[in-house]
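Residue numbers begin at 1 in each chain, while the letters A, B, ... track the order of the sequences.
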4 protein chains.
Amino acid sequence: MLSNNWAVCNFFLGRRRKILTTKREVPASVKDEKLIQKRRDQMIKGAVKLFINKGFHRSTTREIAKAAGFSIGTLYEYIRKKEDVLYLVCDAIYDQVQERLQEVIDTDRGNIESLREAVRAYFKVMDEMQDEVLVMYQEAKSLTKDALPYVLEKELDMVAMFQKVIEGCVRNKELMLNEQEIKLVSHNIFVQGQMWAFRRWILRKLYTLEEYTELQINQLLYGVQGRKE
Amino acid sequence: MLSNNWAVCNFFLGRRRKILTTKREVPASVKDEKLIQKRRDQMIKGAVKLFINKGFHRSTTREIAKAAGFSIGTLYEYIRKKEDVLYLVCDAIYDQVQERLQEVIDTDRGNIESLREAVRAYFKVMDEMQDEVLVMYQEAKSLTKDALPYVLEKELDMVAMFQKVIEGCVRNKELMLNEQEIKLVSHNIFVQGQMWAFRRWILRKLYTLEEYTELQINQLLYGVQGRKE
Amino acid sequence: MLSNNWAVCNFFLGRRRKILTTKREVPASVKDEKLIQKRRDQMIKGAVKLFINKGFHRSTTREIAKAAGFSIGTLYEYIRKKEDVLYLVCDAIYDQVQERLQEVIDTDRGNIESLREAVRAYFKVMDEMQDEVLVMYQEAKSLTKDALPYVLEKELDMVAMFQKVIEGCVRNKELMLNEQEIKLVSHNIFVQGQMWAFRRWILRKLYTLEEYTELQINQLLYGVQGRKE
Amino acid sequence: MLSNNWAVCNFFLGRRRKILTTKREVPASVKDEKLIQKRRDQMIKGAVKLFINKGFHRSTTREIAKAAGFSIGTLYEYIRKKEDVLYLVCDAIYDQVQERLQEVIDTDRGNIESLREAVRAYFKVMDEMQDEVLVMYQEAKSLTKDALPYVLEKELDMVAMFQKVIEGCVRNKELMLNEQEIKLVSHNIFVQGQMWAFRRWILRKLYTLEEYTELQINQLLYGVQGRKE
DNA sequence: GATGAATGAGCGTTCATTCAT
DNA sequence: AATGAATGAACGCTCATTCAT
């Protein structure tokens, strides 16, 4: 139940610094950790392709196994339930996004240029990982009660990256924003990046990625009235 | 297939002014139009509740019938396929949103105050219809190839409302924006409204609706730097 | 159950002269006998068309009602069960065949020419009523336990017509056959007539109706060796 | 649609020597060919019993599975649709009939005695396989458009066996028949064999198998007038 | 550790039949 | 007498999951 999900999330997220520090474990029957990693990589790779085309609910476990390159029996040696696949997929996608961002975003420079660069980098990643983002985006709600908080926490971690960049600017007096405003802007940036993926059916017709990026950055910095005259 | 869906959408939306002017009809076996309306209203009401809790895929046709207050046989007198319920639900929600907006938004005044009001009104509707918006938002991807364009068109109609308000401001020199910028801002407003619904798990903790609204409007108008000093 | 059907048939047919002299009644809710006849005629006409195309089991009561030109509710004013339609249809087809035969077959002349004529007339009727015969033929097995004997009795009545013609020939010494042989030949003629309908997929390619008729008559009269040299 | 079926059949049969040489494959999910054969044998055995009693349409897939000795899920590992069962059953029955005939019929001797023997053997098989023949006979029409030609071709193969025997007699001047006549007689024999099965409700009362056989052979050879003398 | 045959609960859907109007 | 909306048992079929090999 979604509404229950939110309740559960709130519960967890409220104290997340305490409990959610480690990954949620999906138990496997197989012992060899190396093998588990290898098989799950195969699985995730296949499943993402599948989910992009048919969504999670319309993909069968058999199809997932096949796409992964092994049998249905083997699939169940590495997961307990179909929903574990979804969690593993979502988890992997977020990790990938985050990893790529951490490579290119400098959260410590604390000037407007670093904010511009962060947004550009983020939008670029979202563009390159469009399909994956879409999957995450559309299927996250199918995650079970206990898996969802782990994924939401990763979202917050990403939002926190932008927040950190902006806080740097504020600290250096490049921007004048209170905490509420900082958080809102961070969330806006985050959503606008996703938006490029989940509204691509219309945005792609109106803008190239570069146009979209620069327009959003300008709007972010100056608003619609800041440039009025 | 999602990716195909997009192709289809693009195809339809490309020429939408010509083909998509009328509603997509869902055929019913029952002839009495009044009755059809009544039963479908029951159905939609029940289905929304269900979809909020379990999502479309996890809701069974029997549950939908029960929630609507009639038997499974009767359900199928008013739809052909389970997916028709989803279309009917999405369609109804959008109609409702749009209707409520048209009541309160004045697209002709053409000043900044009217833009503020439009955004406030829109965010208020999105707040009041949180559950419905969430359903639409999360389940739209499960719509069939042929139903999706109808729903997307409605989205564009709503975006167009904001666009019209902004164009008014531009015409009256209250704002200086080119067409690309106008469109982007319209989409941003639209998405930020939805965002209040689909990210409520975090936003509700940070802001009241009023705070969220005013912060977003200010960010929209002045950007983060327009107010720098 | 078919096997039970046979048992039941045997039971009934064994004493048929006593019990099966009247038509099996299909009760109607409506009182007006004239109307019953009219509505059932509509029904049979529509149903035959339907059964030709889709068979009994694949035709729904709604389709039957529609094909008859009235509502499903009305249909059930004139029958009790769907299977009644099948009985009514089979019954009507046999009546029609028999009526047409009685018009043209002279069972009293008692010469070989009258036998030839009877066969020719019968085959002609079977040719003209191909579709109906096929329906009867293929759907009779779906008749209920209690309806089947009535239809089988009609078959025997038709076989008896040929038997009568042949008995006339024997009485006049035009043929030398004992009773067993007479009956077999009668059944053969009957089946060969049906055969033209139910094996038309191949026979039509090999013969015209006239060729088929004359070849069968010759084979009937002279065998394959009677003409050996 | 039955009428369409015939059209399709004609189409296929017209060129059958070219296309229909191989069996129609019914795909199975299971890979082990041996197992497929075993399970399908179970299935066919159970289904024949069921179809004899209730007909194809009145037998449910669950009943078929149960009669076969496994679960509904397993049934569908070996077929795709319920209709596949019917095809498999019809196909198996024909194969069985044909196999038994090929064991006993000598198509090369080319004398009248061999024709007598062929007919006797055929009628005996039809007697022993009464139930199966009845099923084939009554349910063949429920076969799908694409399955029917395969079954009809098998019929023609059997007719061709009699044709071959008769052609031998003609070649050896034991009989004087043109091709049209040969074909007709072959079809007659074939139908008269089936007739013993599908008209057993009356024929059994009039004749033993032996009487029926000898009477038909005599009628075949000498006609009703050849012996008039 | 890998396989894939087996299972059966449960799904979407149909349709003969009823009955209030 | 005629209608057609309502019903729900029962159908064909799917698929997540298990477990013997």
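Protein chain C touches strand DNA chain F; the 5'-most and 3'-most nucleotides with an atom under 4.0 angstrom of its non-hydrogen atoms are F/dA1 to F/dA6.
Listed by residue number, there are no residues of residues 63-70 of chain A with a heavy-atom contact under 4.0 Å to DNA chain F. Looking at residues 34-50 of chain A, you'll see that no heavy atom sits under 4.0 Å from any atom of DNA chain F.
Atom CD1 in B/I79 sits about 13 Å away from atom C1' in E/dT14, given to the nearest Å. Distance CG (C/L75) to P (E/dC15): 15 Å, rounded to an integer number of Å.
Using a 4.5 Å heavy-atom threshold, the side chains of A/F51 and A/I64 count as touching. Contact of the C/S142 side chain with the D/R58 side chain is registered, since non-hydrogen atoms from C-beta on lie closer than 4.5 Å. Proximity of B/Y150 to B/L143: side-chain heavy atoms (C-beta onward) are nowhere separated by under 4.5 Å. At a threshold of 4.5 Å between non-hydrogen side-chain atoms, the residues D/M43 and D/I79 count as touching.
The residue among D/S71 and B/R80 whose nearest nucleotide of DNA chain E is located toward the 5' end is D/S71. Nearest-nucleotide positions on DNA chain E for D/E77 and C/Y76 put D/E77 closer to the 5' end. Between B/S29 and A/E83, the residue anchored closer to the 5' end of DNA chain F is B/S29, taking for each the nucleotide with the nearest heavy atom.
For B/Y87, the side-chain hydrogen bond (donor to acceptor under 3.5 Å, both in side chains) test picks out no residue, with sequence neighbours left out. By the side-chain hydrogen bond (donor to acceptor under 3.5 Å, both in side chains) test, C/R40 is found to be paired with no residue, residues two or more places apart in sequence or in another chain being considered. Looking at residues two or more places apart in sequence or on another chain, you find a salt bridge (charged side-chain N to carboxylate O under 4.0 Å, His left out) between D/D91 and D/K23, D/K154. Among residues two or more places apart in sequence or in another chain, the side-chain hydrogen bond (donor to acceptor under 3.5 Å, both in side chains) test is passed with D/E132 by none. With sequence neighbours left out, the side-chain hydrogen bond (donor to acceptor under 3.5 Å, both in side chains) criterion links C/R24 to C/D146.
Atoms CD and CD1, on A/E139 and A/I52 in that order, are 11.0 Å from each other to the nearest 0.5 Å. Rounded to the nearest 0.5 angstrom, D/T60 OG1 and D/K54 NZ are separated by 6.5 Å. Taking CG of A/D84 as the start and OG1 of A/T144 as the end, the distance is 7.5 Å to the nearest 0.5 Å.
A cation-pi geometry, defined here as NZ or CZ lying under 6.0 Å from the six-membered ring centre and within 45° of its normal, holds between D/K82 and D/F56.
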Can you give me the N/O atom pairs linking the protein to nucleotides 9-11 of chain E at distances under 3.5 Å, or say none if there are none?
from   : atom 1 : to    : atom 2 : distance (Å)
E/dG10 : O6     : D/R62 : NH2    : 2.1

Please tabulate, for the side chains in residues 25-37 of chain A, all donor-acceptor contacts under 3.5 angstrom to protein atoms that are two or more places apart in sequence or on a different chain.
from  : atom 1 : to    : atom 2 : distance (Å)
A/D32 : OD1    : A/K34 : N      : 3.0
A/D32 : OD1    : A/L35 : N      : 3.2
A/Q37 : NE2    : A/D41 : OD1    : 3.4

Return a table of donor-acceptor pairs under 3.5 angstrom between the side chains of residues 66-77 of chain A and protein atoms on other chains or two or more places apart.
from  : atom 1 : to    : atom 2 : distance (Å)
A/S71 : OG     : A/G73 : N      : 3.4
A/S71 : OG     : A/T74 : N      : 3.2
A/S71 : OG     : A/T74 : OG1    : 3.1

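Put simply, A/Y78 has a side-chain N or O that comes within less than 4.0 Å of OP1 or OP2 on E/dA2.
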- Message: Expected output check: what is the dot-bracket annotation of DNA chain E, where ( ) and [ ] are pairs inside the strand (brackets for crossing ones), | is paired with another strand, and pairs are Watson-Crick or G-U under 3.5 Å?
- Response: .||||||||||||||||||||
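Ring planes of A/Y137 and B/Y137: perpendicular class, angle over 60° (limits at 30 and 60°).
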